[in-house]
Amino acid sequence: MSSTDQAKGSRAFYSNVRSSLQETEKVNRRDMLGLFMPMIRDAAVNEFGGFEELRRHVKNIKQHSLDNLYHYLSQFVEEAKSNGNHVHFAQDSSEMNSIVLDICQQHDARRVIKGKSMVTEETHLLPHLQSAGLEVVETDLGEYIIQQAGESPSHIVGPALHKSVDEIRELFMRKHQLGERELEGPAEMVAEARTVLREHFLKADVGIIGSNALIAESGYSMLVTNEGNGDLCANLPKVLIICTTMDRVVPRANDAMALLRLLVRSATGQPVTCYTSFYSGPRQGEDTDGPIETHIVLLDNKRSDILDSDYREMLQCIRCAACLNHCPIYIGAGGHAYGSVYMGPMGSVLTPLLTSLEESNALPNACTACGRCAEVCPASIPLPDLLRDLRHDETRAKLSPTRWRVGMKIHAWLLSHPWLYHKLTALGIPALGWLGRKKGSFKSLVLANGWTDERDFPAPQGRTFMQQYQSQRDDNEDAG
Amino acid sequence: MRAGNQHPPQDAPRFQVALYVTCLVDLFRPSVAFDTIQLLEQAGCEVTVPTLQTCCGQPTYNTGDYESTIPLARQLIEAFEFADYVVVPSGSCAGMISHHYPKLLQDEWRERALALAAKTFELTTFLSDIAKIEKAPGDTAPLPSVTYHDSCAGLRELGVKAQPRALLKELCNLEVSELGQTEVCCGFGGTFCAKMPELSGKMASDKLDSALATGAKVLAGGDMGCLMNIAGRAKRLGKNIEVRHIAELLAGDLDGPAIGEGKQ
């Protein structure tokens, strides 16, 4: 089964993982990613020096912004409007999609170009616009590739990281009018995509982009890209629509810059992205270029609920994907296995909060609590704690398998009766040790099939420590 | 049997230590607890083993059953709060006590958890940083080449990284052959390994491949859960590497079978 066929909905995570582990070539490619991305991130962080200090600073900024979200949001909206922007609020995905479609239709738009935006992935904006008859083209190279392939992003920063150069070449050979050209190597493939995309940029009626930060003091929106496609989407068409969420807001330009320094190093190991742009609003007076009309659509989609919940720290996320790159579960499973828009540790927290725990309770269990994500998270989000808290919610809502829940209760009950526990283990453990004394481990064991599916179960040495220690003490007392 | 009292300290004990054996060592590898006692006594500690100890509650806690974990946390606090120092031959159990109990409990119990956290140490940290052990308890026979698995909880919650390496160097004159991607999880993760066996197995295989690439004869570590996972995977795949707890190496206790190995 290829990644594109993987079942949607995160409950399918278990079966998706089994499938994705069968694809040896892709597993190897992900392993390389898991080796390479942490290396370049570490190099960038070490070269920078003051990363930890800046991390604390950015955490303060994000927490302060969230604590005073409605204040800074109002300020942002006021400033953005005075710069000539139209500002819209969308309660949920369908409202954002309707607002964007309405704007397109008011301008009789037929062609739309899009920059990379996880928010529009979240609302499934693209199919919504397409079903209304609009031609929509993704212009970020990775997004363009997966759009051509009819797939979804496997990574929030590098959406097409799951595809090999050969696969992309074959895709272009199939989808583009190449004539005799063979597309030798990545450089020719990039040039080909650029040529095709240029036509789309020049013909588009509406451009849609996302935002990395909304600056309250000026009403500006910051966007980082490495390809410059965001600027072309923003500046060539008559109409610009920025689709983003309310938790992107920070008080000042300086705060956005602090965030930028962490974001880029954490995401790609670069000191700064190739393009960092600030969009103020429509062209003014003497301006000779820029959009004539600009809209900012602020999506809530449960962020208000998250803000008022114990999971508020998740809103500090700056979408750098460092947690994905450092997570052995993500690297092992691959992004598509999650069956959700967001993946990896941040996705395993966010998906149940944006959808429901009922439909996505597998994801918070996809965690060994190794803590590597929290260690590298530039926004200091305690991801393993939040995942454990979601498992707590899962347990309380009785969504986890009954045998686990009941098993844990019995386990805990026995452990809270030390005398009985030691008596029982003193009977069972030596017996188990005796059974396993020759081979030293078991190929299968009752009640341990999850363990023995993949590994042998090491046998006990014999009598328990407490048993031996107790008899030693008894001997000493007798001798004394 | 190696009883701890074979090596009486020269002077009056410098530290009163209560040993939290941990459930996996108690049940599966008691020799690690005896090795631990030997090491602590060598370092000038008087060791007591409170008998009301069972499990620290990690399985229930990490599964999300906080309610069942609270009585276990309180039970452990009551059994150990008398001690000057609590020493644990496991980074994850020590991390559970010092890092997670204060988050789990409230009010008076939280205060008691914090007090216990302040005097609870993972074994290698205690030996290296607090007791400053200078000499191995036994005659150190030449040891096999060794690689070291940094268990995640010890590494990230407690900063256990330099201590086991320093002890192997100072007590056993042994240089660790480092694993590639040594900071990546082995795939144990408590109940994770049973909930998602395929992913867990893949991670354990990756860890084994890194270990075999070092050419070391022994993979050592400080957490029985991870070691049982790695040893069990090695047995299943027929990979040839001895898996042992760090206390076994430091105490020179290498005659018995390694984890998962039979008595042949």
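The figures that follow rest on heavy atoms only: side chains count, while hydrogens, waters and symmetry mates do not. All chains are named by letter (A, B, ...) in the order of the sequence lines, taking the proteins before the strands, and each is independently numbered beginning at 1.
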* Name all pairs fulfilling the salt bridge (Lys or Arg N to Asp or Glu O under 4.0 Å) condition that reach into residues 89-99 of chain B, sequence neighbours left out, sorted by first residue then second. => none
* Among the options B:Leu76, B:Leu227, B:Thr60, pick out the one with the most heavy-atom pairs lying under 4.5 Å from chain A. => B:Thr60
* To do: Examine distances only and state if a side-chain atom of B:Arg29 and a backbone atom of A:Pro460 form a donor-acceptor pair shorter than 3.5 Å.
  => no
* Tell me, side chain or backbone of A:Ala366 under 4.5 Å from chain B's heavy atoms, or both, or neither? -> both
* Of all of A:Gly462, A:Pro328, A:Gly34, A:Gly407, which one pairs up most often with chain B through heavy atoms under 4.5 Å apart? -> A:Pro328
* Might you work through the ring-ring contact (aromatic ring centres under 6.0 Å, His included) test for B:Phe34 and A:Phe465, ending with a clear yes or no? => CA-CA 8 Å; B:Phe34 287 110; A:Phe465 172 79; 4.8 Å; yes
* Asked: Could you go step by step and tell me if B:Lys202 and A:Asp31 meet the salt bridge (charged side-chain N to carboxylate O under 4.0 Å, His left out) rule?
  -> CA-CA 11 Å; B:Lys202 187 250 181 209; A:Asp31 283 344; 2.6 Å; yes
* Engaged part of A:Leu390 at the chain B interface, taking heavy atoms whose separation is under 4.5 Å -> neither
* Top of B:Pro59, B:Gly180, B:Pro71 for chain A proximity - count of heavy-atom pairs under 4.5 angstrom -> B:Pro59
* Evaluate the side-chain proximity of A:His326 to B:Val184: yes if any heavy-atom separation is below 4.5 Å, no if none is. => no
* **Close approach to chain A in residues 89-106 of chain B, criterion heavy atom under 4.5 Å** => B:His100, B:Lys103
* To do: Please flag which part of A:Cys367 lies under 4.5 Å from any non-hydrogen atom of chain B: side chain, backbone, both or neither.
  => backbone
* Which heavy atom of A:Ala333 sits nearest a heavy atom of B:Leu199, and at what distance? -> N-CD2, 3.8 Å
* To do: With a 4.5 angstrom heavy-atom cut-off, could you sort out which part of B:Val49 is near chain A: side chain, backbone, both or neither?
  => both
* Mind checking which of residues 151-158 of chain B sit less than 4.5 Å from chain A, heavy atom to heavy atom? -> B:Cys152, B:Arg156
* **Worked check of side-chain contact (heavy atoms from CB on, under 4.5 Å) between A:Arg473 and B:Thr51** => CA-CA 11 Å; A:Arg473 288 214 314 188; B:Thr51 50; 4.0 Å; yes
* Are any of the side-chain heavy atoms of B:Met196 and A:Val17 separated by less than 4.5 Å? -> no
* Contact origin within B:Asp206 toward chain A - heavy atom pairs under 4.5 Å -> side chain
* **Validation row: B:Gln75, A:Pro418 side chains within 4.5 angstrom (heavy atoms)** => yes
* Verdict with supporting geometry, B:Thr54 and A:His417, side-chain contact (heavy atoms from CB on, under 4.5 Å) -> CA-CA 8 Å; B:Thr54 59; A:His417 295 80; over 6 Å; no
* Relative to chain A, which segment of B:Leu72 carries a heavy atom at a distance below 4.5 Å: side chain, backbone, both, or neither? -> side chain
* Structure fact -> In terms of heavy-atom pairs under 4.5 Å with chain A, the winner among B:Val25, B:Thr191, B:Leu24 is B:Thr191
* Structure fact -> Cut-off 4.5 Å, heavy atoms of chain B, and the answer for A:Ile329 is both
* Donor-acceptor contact below 3.5 Å, side chain B:Lys235 vs main chain A:Lys439 -> yes
* Structure fact -> Of B:Cys193, B:Ala231, B:Gly189, B:Gly201, the largest count of non-hydrogen pairs under 4.5 angstrom with chain A goes to B:Cys193
* **Smallest separation among heavy atoms of A:Ala412 and B:Ser68, with atom names** => CB-CB, 3.6 Å
* Asked: Tell me, side chain or backbone of A:Ile429 under 4.5 Å from chain B's heavy atoms, or both, or neither?
  -> side chain
* To the nearest 0.5 Å, tell me how far A:Arg372 CZ sits from B:Glu183 CD. => 7.0 Å
* Tell me, for B:Thr69 versus chain A, whether the close heavy atoms (under 4.5 Å) come from the side chain, the backbone, both or neither. => neither
* **Top of A:Gln461, A:Arg396, A:His422 for chain B proximity - count of heavy-atom pairs under 4.5 angstrom** => A:Gln461
* Asked: More than 12 foreign heavy atoms under 6.0 Å from CG of A:Asp310: is that the case here?
  -> no
* **Pair A:Glu454 + B:Arg233, salt bridge at N-O below 4.0 Å** => yes
* To do: Side-chain contact test, heavy atoms from C-beta onward, threshold under 4.5 Å: evaluate it for A:Thr368 versus B:Met203 and give yes or no.
  => yes
* Asked: Is there a donor-acceptor pair under 3.5 Å between the side chain of B:Arg236 and the backbone N or O of A:Arg455?
  -> yes
* Asked: Is chain B contacted by the side chain of A:Trp404, its backbone, both, or neither, given a heavy-atom distance below 4.5 Å?
  -> side chain
* Which atom pair, heavy atoms only, marks the closest approach of B:Cys23 to A:Tyr421? -> CB-OH, 3.7 Å
* To do: Between chain B and each of A:Phe457, A:Trp413, A:Phe442, count heavy-atom pairs under 4.5 Å; write down the option with the most.
  => A:Phe457
* Structure fact -> Checked A:Ile331, A:Asp389, A:Leu432 vs chain B; the most non-hydrogen pairs under 4.5 Å come from A:Asp389
* Asked: Any side-chain heavy-atom pair from B:Phe192 and A:Asn365 closer than 4.5 angstrom?
  -> no
* Asked: Quick check: are there more than 12 heavy atoms from other residues, nucleotides or ligands sitting under 6.0 Å from NZ of A:Lys423?
  -> no
* Structure fact -> Per-residue tally against chain B (heavy atom, under 4.5 Å) across A:Met39, A:Met408, A:Lys443 peaks at A:Met408
* Asked: Which bit of A:Thr452 comes within less than 4.5 Å of chain B, counting heavy atoms only: side chain, backbone, both or neither?
  -> both
* Take atom CG of A:Asn46 as the centre, draw a 6.0 Å sphere, and report whether it contains more than 12 heavy atoms from other residues, nucleotides or ligands. => yes
* To do: Could you tell me whether A:Arg405 and B:Asp65 have a side-chain N and a carboxylate O separated by less than 4.0 Å?
  => no
* **Whether A:Asp453 side chain and B:Glu198 backbone form a donor-acceptor pair below 3.5 Å** => no
* Non-hydrogen atoms of chain B under 4.5 Å away: do they reach the side chain of A:Asn449, the backbone, both or neither? -> neither
* Which residues share a side chain to side chain contact (heavy atoms under 4.5 Å, CB included) with B:Leu254, sequence neighbours left out -> B:Leu143, B:Pro144, B:Arg244, B:Leu249
* Asked: Is the CD atom of A:Glu25 crowded by more than 12 outside heavy atoms at less than 6.0 Å?
  -> no
* Asked: Among B:Ile259, B:Ile230, B:Val21, who wins on heavy-atom pairs under 4.5 Å with chain A?
  -> B:Val21
* For A:Phe36, look at atom CZ and say whether over 12 heavy atoms of other residues, nucleotides or ligands are found less than 6.0 Å away. => no
* To do: May I have the step-by-step check of side-chain contact (heavy atoms from CB on, under 4.5 Å) for B:Tyr66 and A:Arg388, ending in yes or no?
  => CA-CA 10 Å; B:Tyr66 295 175; A:Arg388 192 187 301 105; 3.3 Å; yes
* **Whether A:His392 side chain and B:Thr63 backbone form a donor-acceptor pair below 3.5 Å** => no
* Does atom NZ of B:Lys217 have more than 12 heavy-atom neighbours from other groups under 6.0 Å away? -> no
* What are the two closest non-hydrogen atoms of B:Met228 and A:Trp451, and how far apart are they? -> O-CZ2, 3.4 Å
